[in-house]
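As structure tokens, the structure follows; a few thoughts come after it.
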Amino acid sequence: MLKTVLILVGALIFTDTVFAKNVDELAKDFASPHSRLDRFPIQITNNYRVGPLENGSVLEMAFRPHLSLDMGTDWNLVSRSFLPVLYHEKAFPSSDYEFGLGDLVQTFLLTPAKPNSQWSWAAGAAFEAPTATDTFLGAGKWAAGPAVSVAYEEFQYTFGILAHYLWSFAGEEDRSDISLASIQPFYNYRFGDGRAVNLMFESVYNGEQEEWTHPAILSYSHIFSYSQTDAAELGAGFKYLVSGPEEASEWGFRVQFSFIF
């Protein structure tokens, strides 16, 4: 995994930008959670020191498509999906290895098509479906709740927050209920030529256990064109647990490749 990260970081630094629909404009749109720029990120995160004995690891490959649909002249509907494929190694005391699909989290947000200022916002709903292929890889519950996001954009930077809360309403009766808040403040600073540095917290509050988890992710990304009409994003970063329960991953690496439409 470390070798892969180093190769990708090298690609990030030395990839030349060719013709683009202005890669700096693409980078700005990519950073916004409300933009009409459709993209399909594939995100791989390797989490280390997982579990009560801190000797486990979790490899996650997440498919995270972002699609925008016109809802008349005044509104857009933004669809954001999160579907992970997981490999757990010694992450649970009663299981050595687990591999399979995790639970799907789907968010739908309505946002003004033409914001009146540099501030933009969206509101809607989030849903979780029990798509996991193994008990250890998902919650076994159907859940839903509200979702909101706010962002502020300048040409060189974007910051904001995405949040949703999920409560379970159906599913396997012998599994714990879901009461989870996801709060993701982010800051994106762009250097030009499609290059940017990103800082994000992926904070989660577990209402059933009344505890917070605060992982921070610092990453570098590069948007580039590889043909007259096609562009992509490549990113790599480091994940560190600021605070959280003992069994949470203490640190990890993340790489991401995104198709841009």
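Both backbone and side-chain heavy atoms feed into the values below; hydrogens, waters and symmetry mates do not.
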Practice task
Give the intermediate values and the outcome of side chain to side chain contact (heavy atoms under 4.5 Å, CB included) for residues W142 and F127.
Solution key: CA-CA 8 Å; W142 293 89; F127 305 90; over 6 Å; no
Exercise for the section: Walk me through it: do R36 and D29 pass the test side chain to side chain contact (heavy atoms under 4.5 Å, CB included)? Expected result: CA-CA 8 Å; R36 300 176 63 183; D29 289 343; over 6 Å; no
Handout entry: Trace of the side chain to side chain contact (heavy atoms under 4.5 Å, CB included) decision for F224 with L234
Key = CA-CA 8 Å; F224 58 94; L234 186 63; 4.1 Å; yes
Problem - Residues T158, R190; criterion side-chain hydrogen bond (donor to acceptor under 3.5 Å, both in side chains); working and verdict - result: CA-CA 9 Å; T158 301; R190 297 176 287 278; 3.1 Å; yes
Exercise for the section: Report the C-alpha separation of H66 and V78 in whole Å, then their side-chain angles, then the decisive distance to 0.1 Å, and conclude whether the side chain to side chain contact (heavy atoms under 4.5 Å, CB included) test is met. Expected result: CA-CA 7 Å; H66 171 117; V78 175; 3.5 Å; yes
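For F191, the ring pair (Phe, Tyr, Trp, His ring centres under 6.0 Å) partners are Y189, not counting sequence neighbours. For T107, the side-chain hydrogen bond (donor to acceptor under 3.5 Å, both in side chains) criterion is met by no residue, not counting sequence neighbours. Looking at residues two or more places apart in sequence or on another chain, you find no side-chain hydrogen bond (donor to acceptor under 3.5 Å, both in side chains) involving E153.
You'll find the side chain of L218 reaches within 4.5 Å of the side chain of V197, heavy atoms only. Residues W167 and P146 are in side-chain contact: their nearest non-hydrogen atoms beyond the backbone lie under 4.5 Å apart. Counting heavy atoms from C-beta outward, P112 and W75 have side chains that approach closer than 4.5 Å. The shortest distance between side-chain heavy atoms of S221 and N198 falls below 4.5 Å. Inter-residue side-chain proximity for D134 and H88 is flagged as unmet; no heavy-atom pair is nearer than 4.5 Å. Annotation: side chain of D70 is in contact with side chain of N76 (closest heavy-atom distance under 4.5 Å). Side-chain contact between L37 and S68 is absent, with no heavy-atom pair separated by less than 4.5 Å. A heavy-atom distance below 4.5 Å is found between the side chains of F108 and L77.
In this structure, CD1 on I217 lies 4.5 Å from CZ on R254, to the nearest 0.5 angstrom. With values rounded to the nearest 0.5 angstrom, L110 atom CG is found 11.0 Å from H34 atom NE2. Here the straight-line distance linking atom CD of E89 with atom CG of N47 works out to 13.0 Å at 0.5 Å rounding. Between S219 atom OG and F253 atom CZ the span is 13.5 Å, to the nearest 0.5 Å. Atom CD1 in I260 sits 4.0 Å away from atom CD1 in I223 (nearest 0.5 Å). Here F201 contributes atom CZ and I161 contributes atom CD1; the two are 11.5 Å apart, rounded to the nearest 0.5 Å.
Heavy-atom contacts from other residues, nucleotides or ligands closer than 6.0 Å to CZ of F261 number more than 12. For N116, the CG atom sits in a loose shell: 12 or fewer heavy atoms of surrounding residues, nucleotides or ligands are nearer than 6.0 Å.
Although no hydrogens or angles enter the test, the distance criterion places a donor-acceptor pair under 3.5 Å between the side chain of T131 and the main chain of L104.
Minimum heavy-atom separation, L180 to N206: CD2-CA, 3.6 Å. When every heavy atom of V23 is checked against every heavy atom of D193, the shortest pair comes out as CG2-C, 3.8 Å. Smallest separation of non-hydrogen atoms from L109 and A122: CB-CB, 3.8 Å. Nearest heavy-atom pair, M61 versus F63, reported as atom, atom and distance to 0.1 Å: CE-CZ, 3.7 Å. The shortest non-hydrogen separation linking E128 to I178 is OE2-CD1, 3.6 Å. Closest heavy-atom contact between A151 and P33: CB-CD, 3.9 Å.
Cluster annotation: F186 and L199 are assigned to distinct hydrophobic clusters (Ile/Leu/Val/Met/Phe/Trp/Tyr, side-chain heavy-atom contacts under 4.5 Å, transitive). Under a hydrophobic clustering in which Ile, Leu, Val, Met, Phe, Trp and Tyr are joined whenever their side-chain heavy atoms come within less than 4.5 Å, directly or via other members, Y205 and L162 fall into different clusters. Note: the hydrophobic cluster containing V150 also contains F159 (ILVMFWY, side chain heavy atoms under 4.5 Å, direct or indirect links). In the hydrophobic clustering of ILVMFWY residues, with side-chain heavy atoms under 4.5 Å counting as a link, I42 and F82 come out apart. By the criterion of side-chain heavy atoms lying less than 4.5 angstrom apart, applied directly or through intervening Ile, Leu, Val, Met, Phe, Trp or Tyr residues, Y226 is grouped together with F40 in one hydrophobic cluster.
Judged by distance alone, the side chains of Y165 and S179 do bring a donor and an acceptor atom under 3.5 Å apart.
The residues K141 and D177 are annotated as salt-bridged, a charged nitrogen and a carboxylate oxygen being separated by less than 4.0 angstrom.
Under the 30°/60° scheme for interplanar angles, the aromatic rings of W251 and Y48 are found to lie parallel. Using a 30° and 60° split on the angle between ring planes, H214 and W212 fall in the parallel class, below 30°.
In this structure, Y157 has its ring center no closer than 6.0 Å to that of F155.
Under the side-chain contact (heavy atoms from CB on, under 4.5 Å) rule, L83 has a single partner from L101, V105, D103, which is L101.
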